[in-house]
S.K.: 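After the structure tokens below, expect a handful of questions from me.
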Amino acid sequence: QNAASPIMEELIAFHDHALMIIFLISSLVLYIISLMLTTKLTHTSTMNAQEIEMIWTILPAMILIMIALPSLRILYMTDEFNKPYLTLKAIGHQWYWSYEYSDYEDLAFDSYIMPTYFLEPGEFRLLEVDNRTTLPMEADIRVLISSQDVLHSWAVPSLGVKADAIPGRLNQAMVASMRPGLY
């Protein structure tokens, strides 16, 4: 699915940024290796030159900084919690998830995976559930994630959120969708 949140758009842009850097480095290394294999000439004055050693020490450090700074910015953006509009509690169980809207009293439901024989054309196997979670659009939503029995993973890839549900531990994630849809 396409990105539906600003965090996921940033993650896709960072992926493209890092992939372009890796592609350029790989192309340069392949070119140098092919040059070394095909050329018989060696320049003896460059074998002991300190300027070249400085360049191949400083250049990788600069490249790592070019990758690390945007990565850290996105990392802090994913953990940024402003005043949430709504709080959703997701509790993982062996074969289903329980959801509670913490801001409202007695608003809780279980969400089970639909069996394959109940699926209609166009629905996805192992992704369709009997009770979908409905969340408002263009609002910051805090999701509190925990588990009752074993480790689980609560993820919505198009919103750029993935958190582990661990028994006895409460994890927190922020979700904000910018367009309506089924995620």
Side-chain angles (χ1 to χ4, degrees), residues 1-82 90 92 97 113-114 116 119 121-129 133 135 137-138 140-143 145 147 150-167 169 171-183:
Q1 289 183 337
N2 293 330
S5 71
I7 297 293
M8 192 59 194
E9 289 174 357
E10 290 286 331
L11 286 170
I12 290 172
F14 173 71
H15 172 267
D16 295 344
H17 170 74
L19 193 64
M20 188 57 69
I21 291 173
I22 291 169
F23 176 73
L24 290 174
I25 291 171
S26 300
S27 299
L28 179 67
V29 168
L30 182 66
Y31 174 72
I32 291 172
I33 288 174
S34 64
L35 215 68
M36 289 176 60
L37 291 175
T38 58
T39 306
K40 300 288 184 196
L41 301 174
T42 57
H43 198 274
T44 55
S45 65
T46 60
M47 299 302 265
N48 294 324
Q50 289 184 354
E51 293 84 15
I52 292 178
E53 289 181 15
M54 292 275 288
I55 289 173
W56 73 50
T57 302
I58 293 174
L59 190 64
M62 290 175 54
I63 291 171
L64 288 175
I65 290 171
M66 287 175 44
I67 294 173
L69 289 179
S71 173
L72 289 173
R73 186 177 73 82
I74 293 172
L75 181 65
Y76 285 114
M77 281 176 51
T78 58
D79 282 342
E80 183 178 318
F81 292 100
N82 295 328
W97 286 90
I113 294 176
M114 292 284 287
T116 306
L119 293 178
E123 293 182 336
F124 296 107
R125 189 175 81 86
L126 299 178
L127 290 178
E128 295 296 330
V129 293
T133 304
L135 297 173
M137 185 181 75
E138 296 181 356
D140 290 334
I141 300 158
R142 177 177 49 199
V143 183
I145 303 157
S147 174
V150 296
L151 296 176
H152 297 280
S153 181
W154 191 85
V156 184
S158 59
L159 296 179
V161 63
K162 182 177 187 294
D164 293 329
I166 302 168
R169 181 174 176 183
N171 284 335
Q172 181 170 266
M174 200 68 157
V175 175
S177 65
M178 292 297 123
R179 59 184 172 87
L182 182 63
Y183 308 116

S.K.: Rounded to the nearest 0.5 Å, how far apart are CG of L11 and OG of S5?
M.R.: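 Reported to 0.5 Å precision, the distance equals 8.0 Å.
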
S.K.: Just how far is it from atom NE2 of H17 to atom CG of L19, taken to the nearest 0.5 Å?
M.R.: 11.0 Å

S.K.: Could you grab the distance from atom CD1 of I145 to atom NE2 of H152, nearest 0.5 Å is fine?
M.R.: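 Output value for this atom pair is 12.0 Å.
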
S.K.: Does a side-chain heavy-atom distance below 4.5 Å link R125 with M114?
M.R.: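 R125 vs M114: side chains apart.
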
S.K.: Please report the interatomic distance CG(L135) to OH(Y183), rounded to the nearest 0.5 Å.
M.R.: 10.5 Å

S.K.: Would you call I22 and S26 a side-chain contact if the rule is heavy atoms closer than 4.5 Å?
M.R.: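 Yes - at least one pair of side-chain heavy atoms lies under 4.5 Å apart.
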
S.K.: So, does T78 use its side chain to make a donor-acceptor pair with the main chain of L75 at under 3.5 Å?
M.R.: yes

S.K.: Tell me, do M77 and I7 make a side-chain contact under 4.5 Å, heavy atoms counted?
M.R.: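 With C-beta onward as the side chain, the pair touches.
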
S.K.: I need the L119 CG to L126 CG distance, nearest 0.5 Å.
M.R.: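 The CG atom of L119 sits 8.5 Å away from the CG atom of L126.
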
S.K.: Output, in order, the C-alpha distance, side-chain angles, deciding distance and verdict of salt bridge (charged side-chain N to carboxylate O under 4.0 Å, His left out) for R179 and E138.
M.R.: CA-CA 7 Å; R179 59 184 172 87; E138 296 181 356; over 6 Å; no

S.K.: Is the closest side-chain heavy-atom distance between M137 and M178 below 4.5 Å?
M.R.: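 SC-SC contact between M137 and M178 ruled out.
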
S.K.: Got a second to check how far I12's CD1 is from E10's CD, nearest 0.5 Å?
M.R.: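 I12 CD1 to E10 CD: 10.5 Å, rounded to 0.5 Å.
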
S.K.: Contact between F14 and I67 at the side-chain level, heavy atoms closer than 4.5 Å - yes or no?
M.R.: yes

S.K.: Should I21 and M66 count as side-chain neighbours, where that means a heavy-atom distance under 4.5 Å?
M.R.: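 SC-SC contact between I21 and M66 confirmed.
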
S.K.: Indicate the atoms forming the closest heavy-atom contact of A176 with P6, along with that distance.
M.R.: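 Shortest heavy-atom contact: O-CD, 4.0 Å.
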
S.K.: Show me the donor-acceptor pairs, under 3.5 Å and distance only, between side chains in residues 155-165 and residues at least two apart or in other chains.
M.R.:
{"residue": "S158", "atom": "OG", "partner": "Q1", "partner atom": "OE1", "Å": "3.1"}
{"residue": "K162", "atom": "NZ", "partner": "S153", "partner atom": "OG", "Å": "3.1"}

